[in-house]
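Ligands are counted one by one from 1 in listed order, and the atoms in each one are counted from 1 as well.
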Amino acid sequence: MEKLSIIKIGGNIIEDETSLNAFLKLFSNLEGNKILVHGGGKRATHISSKLGIESKMVNGRRITDAETLEVITMVYGGLVNKNVVAKLQALNIDAIGLTGADINSIQSEKRPVKEVDFGFVGDVKKVASNSIEKLIKADFTPVFCAITHDGNGQLLNTNADTIASTIGVGMSKIYDTSIYYCFELNGVLKDFNDKNSVIKTINADTYKELLTTEIITDGMIPKIDNCFDALNNGVSKVHIGNTAMLTKENDNFTTITL
Ligand SMILES: Nc1ncnc2c1ncn2[C@@H]1O[C@H](COP(=O)(O)OP(=O)(O)O)[C@@H](O)[C@H]1O
Ligand SMILES: CC(=O)N[C@@H](CCC(=O)OP(=O)(O)O)C(=O)O
């Protein structure tokens, strides 16, 4: 099996032009088949507030009413995605920006209303791995944003970490797939005040302990849940760290194992 790397970048990297440019340079130098997935939650919150739209998050997920869906479509699918694609083109990477509606790559279903009504938020149902493979085989580099569709004309907001893990699961039938979750810290930290206290490996047992002791909190919980979903469904390797983990010299990051 050929190898495929899926790299997801978080909102803080996108917000900082210098970090984004440095990351894209590293990404462009990465050898082999690759896919980029980006979020942009911070930018969406910022632009919403400029437009007088309040942002509400529950369990790390955005409550997406019709107005918010318009904002996230413009921000993720337009502003962020097209800037990233243009920057990659400048680095000689033949990038193609996609939502899940493009080439019907990611179909989802609107999250059913239970205790919380998340609005236009989608849970992924199907990844068109063969269509995505065609792009890769044609030497295009797919750049996915955090938008999916339901197949009936409705766009849906889907967390970017989940997009990375579900694309990973889909592509693992064709490629030996690794996922790299890049964010602003060096990895999952044992002590939040010590940026170098990276936990090198986390497995299902140590994860439980880290949850009980509240060393892992907030956005890191759904991120690691996504890592386990990926590993349990065919993805070979999952890592969490800063963008330097894409260089061969750096081994200071977190690896999630079963
Ligand atoms: N033990 C931990 N180590 C590192 N980050 C943690 C930890 N526990 C909670 N976090 C939080 O998780 C956040 C990353 O999750 P999130 O904001 O969803 O990531 P992203 O920026 O990739 O979308 C970090 O910015 C940090 O505030
Ligand atoms: C449903 C949901 O919450 N979607 C996310 C999608 C963006 C995202 O995941 O961005 P980061 O990776 O930068 O957090 C949101 O709108 O915030």
Original post:
What atoms of ligand 2 come closer than 4.0 angstrom to any heavy atom of G39?
Top reply: 8 (C), 10 (O), 11 (P), 12 (O), 13 (O)
Original post:
What is the nearest protein non-hydrogen atom to atom 22 (O) of ligand 1, stated with its residue, atom name and distance?
Top reply: K223 NZ, 2.7 Å
**OP:** Examine the proximity of ligand 1 to E184 and report which part, side chain or backbone, both or neither, has a heavy atom under 4.0 Å away.
**Re:** side chain
Subject >> Among I14, N157, T99, the one residue meeting side-chain contact (heavy atoms from CB on, under 4.5 Å) with Y76 >> reply: N157
Original post:
ligand 2 and R62, any nitrogen or oxygen pair closer than 3.5 angstrom?
Top reply: yes
**OP:** Using only heavy-atom distances, determine whether the side chains of D65 and T68 contain a donor-acceptor pair under 3.5 Å.
**Re:** yes
Subject >> Flag for D94-Q89: side-chain donor and acceptor within less than 3.5 Å >> reply: yes
**OP:** Using distance alone, determine whether K8 and ligand 1 share an N or O pair under 3.5 Å.
**Re:** yes
**OP:** Output the list of atoms in ligand 2 that are nearer than 4.0 Å to some heavy atom of G11, sorted by atom number.
**Re:** 13 (O)
Original post:
Given that the side chain starts at C-beta and the backbone is N, CA, C, O, which of these parts of L185 lies under 4.0 Å from ligand 1, counting heavy atoms, or is it both or neither?
Top reply: side chain
Subject >> Which of the ligand 1 atoms, numbered from 1, are nearer than 4.0 Å to a heavy atom of G10 >> reply: 20 (P), 21 (O), 22 (O)
**OP:** Pick, from A160, G187, P222, G41, the option with the minimum heavy-atom distance to atom 4 (C) of ligand 1.
**Re:** G187
Original post:
For ligand 2, which part of A160 has a heavy atom less than 4.0 Å away: the side chain, the backbone, both, or neither?
Top reply: both
Original post:
So is there a nitrogen or oxygen of D161 less than 3.5 Å from a nitrogen or oxygen in ligand 2?
Top reply: no
Original post:
What do you reckon, does K42 put a non-hydrogen atom under 4.0 Å from ligand 1?
Top reply: no
Original post:
Could D161 and K8 be called an ion pair, given the rule that one side-chain N must be under 4.0 Å from one carboxylate O?
Top reply: yes
Original post:
For ligand 2, which atoms, with element, lie under 4.0 Å from some heavy atom of N157?
Top reply: 1 (C), 2 (C), 4 (N), 5 (C), 6 (C), 15 (C), 16 (O)
**OP:** Classify the contact between K8 and ligand 2 as side chain, backbone, both or neither, using a heavy-atom distance cut-off of under 4.0 Å.
**Re:** side chain
Original post:
Got the closest protein heavy atom to atom 6 (C) of ligand 1, with its distance?
Top reply: F192 CE1, 3.6 Å
Original post:
Do the side chains of V238 and I174 join up, straight or via other hydrophobic residues, at under 4.5 Å, putting them in one cluster?
Top reply: yes
**OP:** Return the orientation label for the H239 and F253 ring planes: parallel under 30°, perpendicular over 60°, tilted otherwise.
**Re:** perpendicular
Subject >> Intermediate values then yes/no, side-chain contact (heavy atoms from CB on, under 4.5 Å), R62 and L69 >> reply: CA-CA 10 Å; R62 188 177 307 268; L69 182 67; over 6 Å; no
Original post:
Can you tell me if N33 and E2 form a side-chain donor-acceptor pair at under 3.5 Å?
Top reply: yes
Original post:
For atom 14 (O) of ligand 2, what's the nearest protein heavy atom and its distance?
Top reply: G41 N, 4.4 Å
Original post:
Non-hydrogen atoms of G40 versus ligand 2: any pair closer than 4.0 Å?
Top reply: yes
Subject >> Same cluster (ILVMFWY, side-chain, under 4.5 Å), I221 and L231 >> reply: yes
Original post:
So, is V121 polar-close to ligand 2, with some N/O to N/O distance under 3.5 Å?
Top reply: no
Subject >> Sub-4.0 Å protein heavy atom near atom 17 (O) of ligand 1 >> reply: no
**OP:** Show which atoms of ligand 2 fall inside a sub-4.0 Å distance from at least one heavy-atom site of A146.
**Re:** 6 (C), 7 (C)
Original post:
At a 4.0 Å cut-off, with the gap strictly under it, does some heavy atom of G11 reach an atom of ligand 1?
Top reply: yes
Subject >> Single-linkage hydrophobic cluster, 4.5 Å side-chain cutoff, I7 and I136 together >> reply: no
**OP:** Around atom 12 (O) of ligand 1, find the nearest protein heavy atom and jot down its residue, atom name and distance.
**Re:** M220 N, 3.4 Å
Original post:
For atom 16 (O) of ligand 2, which of F120, F183, Y76 has the closest heavy atom?
Top reply: Y76
Subject >> Residue and atom name of the nearest protein heavy atom (relative to atom 15 (O) of ligand 1), distance in Å to one decimal >> reply: G219 C, 3.5 Å
**OP:** For a side-chain contact (heavy atoms from CB on, under 4.5 Å) with F144, tell me which candidate from L36, D102, T158, I132 qualifies.
**Re:** I132
Original post:
If you measure every N/O of T217 against every N/O of ligand 1, is any gap under 3.5 Å?
Top reply: yes
**OP:** Could you find the nearest protein heavy atom to atom 3 (N) of ligand 1 and give me its residue, atom name and distance?
**Re:** L189 N, 2.9 Å
Original post:
Are K126 and E109 close enough for a salt bridge, meaning some N to O gap below 4.0 Å?
Top reply: no
Subject >> Min N/O separation D161 to ligand 1 under 3.5 Å >> reply: no
Subject >> Heavy atom of the protein closest to atom 14 (C) of ligand 1 (residue, atom name, distance) >> reply: F183 CD1, 3.8 Å
